[in-house]
Amino acid sequence: MNRALHVRKIHEYLFEIPPHGKMRVPARLYLDERSLRELMENQSSEEWNALKQLENVACLPGIVKAAMAMADVHPGYGFPIGGVAAFDPKDGGVISVAGVGFDINCGVRCLRTHLTRRDLTGKEEKLADTMFEVIPAGLGSTGELKLSTKEIDRVLREGARYAVRLGYGREDDLEYIEEHGCLSDADPSVVSHTAKQRQMAQVGTLGSGNHYVEVQVVDQIYNARAAEAFGLELGQIVIMLHTGSRALGHQIGTDYLPFLEKATRKYGIEVPDRELVCAPIESPEGQQYFRAVMAGANCAFANRQVLAHLVRQAFWKALRVPDTAIETLYEVAHNTVKWEVHEVNGERRRLLVHRKGSTRAFGPGRPELPERYRAVGQPVLVGGTMGTASYILVGTEQGMRETFGTALHGAGRAKSRRQAKRQYPAERIIEELRKQGIIVRAHGKASISEEAPGAYKDVEHVVEVMCNAGIVARVARLRPIVCLKG
DNA sequence: ATGTAC
């Protein structure tokens with residue numbers, strides 16, 4: 001079918017597919033003509049059907065306003081990555097495994113340092129080697145923490161706070177983490193023994209795939225007031241840390257897929273794709289999965305907290321930088337489901353917001369934000385690739401009205417992992433990056449090929465689309481210097 | 001993303 005016939009242009013950076021078939025609401029995409037064309041072209045391959053996936057999401061019970069996709073959209077499991085969907089419990093709203101994703105609460109922390117680019121000159125290799133040595137990474141990697149059953153339950157209940165209690169990082173990190181690094185409805189008793197067992201030695205590890213730790217320099221400031229609030233200056237060194245809930249989150253997803261499949265049948269929910277199995281959020285099954293996801297999310301918060309400590313350790317070991325010179329700027333989550341109050345058509349409603357590969361991007365004044373940032377809005381951390389810029393943006397009032405306070409999370413994959421592996425030999429990518437002055441240390445070759453800059457969309461372009469659409473605003477641009485991968 | 005198989 002020619003989907004192009006259905007797509008309606010709302011403005012230069014927003015397109016809409018009006019409801020047709022079983023869609024309950026429209027599907028909306030933050031794209032321009034060029035990226036829409038690219039997405040439609042990719043549609044010829046089954047694997048790349050993000051548009052169809054967004055229409056499928058628009059068919060789910062209780063969905064409010066629209067199924068929306070950010071400019072970094074690409075296909076995922078059931079839901080597109082780069083998507084947001086909010087559900088009203090009063091209207092049969094559902095919770096879905098695919099709407100969260102398997103890497104529950106995958107996210108990014110940005111650490112700002114008191115260092116400038118000059119402080120690192122000539123020491124980049126040493127820092128890269130030390131990071132490689134200190135930070136465990138890669139598929140199946142384990143860390144220094146070997147937790148007991150009791151301790152893993154505390155990780156699941158207390159999140160980042162428990163990591164601080166164990167001596168990883170500082171109390172003042174917690175204020176700058178989304179949800180302060182702990183979601184309150186977590187229930188370890190609904191997480192399988194297998195999931196916990198797989199995670200016992202993995203807290204404080206980076207993982208594989210698109211996860212990384214990157215040392216970067218601020219090379220552009222766009223908004224002096226917000227940059228000052230965020231503590232950012234030109235030439236400053238910052239560190240971005242991208243990881244999630246490792247084996248535990250993945251196992252929760254695996255465990256709950258058949259569980260929610262049964263619930264889908266029990267409650268007579270019609271889903272356009274088996275991958276979209278779900279349960280009414282107010283059903284016992286929906287509630288149970290929600291409590292499991294919250295536990296998975298807390299594990300990811302704890303993981304990033306331990307990793308932030310390991311980053312500080314590496315900076316001390318390599319450069320004698322004290323840990324007080326490395327502060328948490330902010331931490332955002334990418335794969336979440338949470339209760340939020342949003343205004344829809346002038347009415348305040350409590351909604352269950354699924355963000356799948358997208359970032360909460362609250363505008364100024366929201367009580368959820370740390371006091372230091374409240375007047376300017378939430379920092380939005382956009383991870384680029386090993387070879388391209390990353391961005392720090394800020395949420396806007398318009399984003400609150402249009403996208404439930406949601407923005408993009410990264411550049412967005414443009415080529416499948418398999419395709420990237422074929423096209424980008426690791427040695428060639430490492431050499432190309434070296435010529436650009438970017439040092440890469442990886443535990444395996446696969447993550448270099450699959451995550452090669454060419455496998456991603458143009459980050460400058462996706463950021464431009466979201467900013468021109470008014471959903472977020474630029475604060476600073478960051479350039480990679482050292483990148484550690486799994 | 002993920003002990004890339006039950």
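Each chain gets a letter, A, B and so on, in the order its sequence line appears, and its residues count up from 1.
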Participant: How close or far is atom P of dT2(B) from atom CG of Asp255(A), stated in whole angstroms?
Facilitator: 16 Å
Participant: Is the backbone N or O of Asp103(A) less than 3.5 Å from a side-chain atom of Asn335(A), with the two atoms forming a donor-acceptor pair by type?
Facilitator: yes
Participant: What's the CG-C1' distance between Asn303(A) and dT2(B), to the nearest Å?
Facilitator: 14 Å
Participant: What is the separation between atom CG on Leu139(A) and atom C1' on dT4(B), rounded to the nearest whole Å?
Facilitator: 8 Å
Participant: Parallel, tilted or perpendicular: which fits the ring planes of Phe102(A) and His250(A), with parallel below 30° and perpendicular above 60°?
Facilitator: tilted
Participant: Will you find, in the side chains of Glu178(A) and Tyr330(A), an N or O donor that is under 3.5 Å from an N or O acceptor?
Facilitator: no
Participant: Look at all strands and tell whether Gln202(A) reaches a base, only sugar-phosphate, or nothing, counting heavy atoms closer than 4.0 Å.
Facilitator: sugar-phosphate
Participant: Quickly work out the Tyr256(A) OH to dT2(B) C1' distance and round it to whole Å.
Facilitator: 19 Å
Participant: In whole angstroms, how far is the P atom of dT4(B) from the CG atom of Asp103(A)?
Facilitator: 16 Å
Participant: Please check if the number of heavy atoms outside Lys146(A) that lie under 6.0 Å from its NZ is greater than 12.
Facilitator: yes
Participant: Just to be sure I understand the rule, does Gly209(A) reach a base, reach only the sugar-phosphate, or reach nothing, if contact means heavy atoms closer than 4.0 Å?
Facilitator: sugar-phosphate
Participant: Please report, rounded to the nearest Å, how far the P atom of dT4(B) is from the NZ atom of Lys421(A).
Facilitator: 12 Å
Participant: Using whole Å, what does the distance between atom C1' of nucleotide dT2(B) and atom CZ of Arg246(A) come to?
Facilitator: 8 Å
Participant: I need the CD-P distance between Gln251(A) and dT4(B), as an integer number of Å.
Facilitator: 12 Å
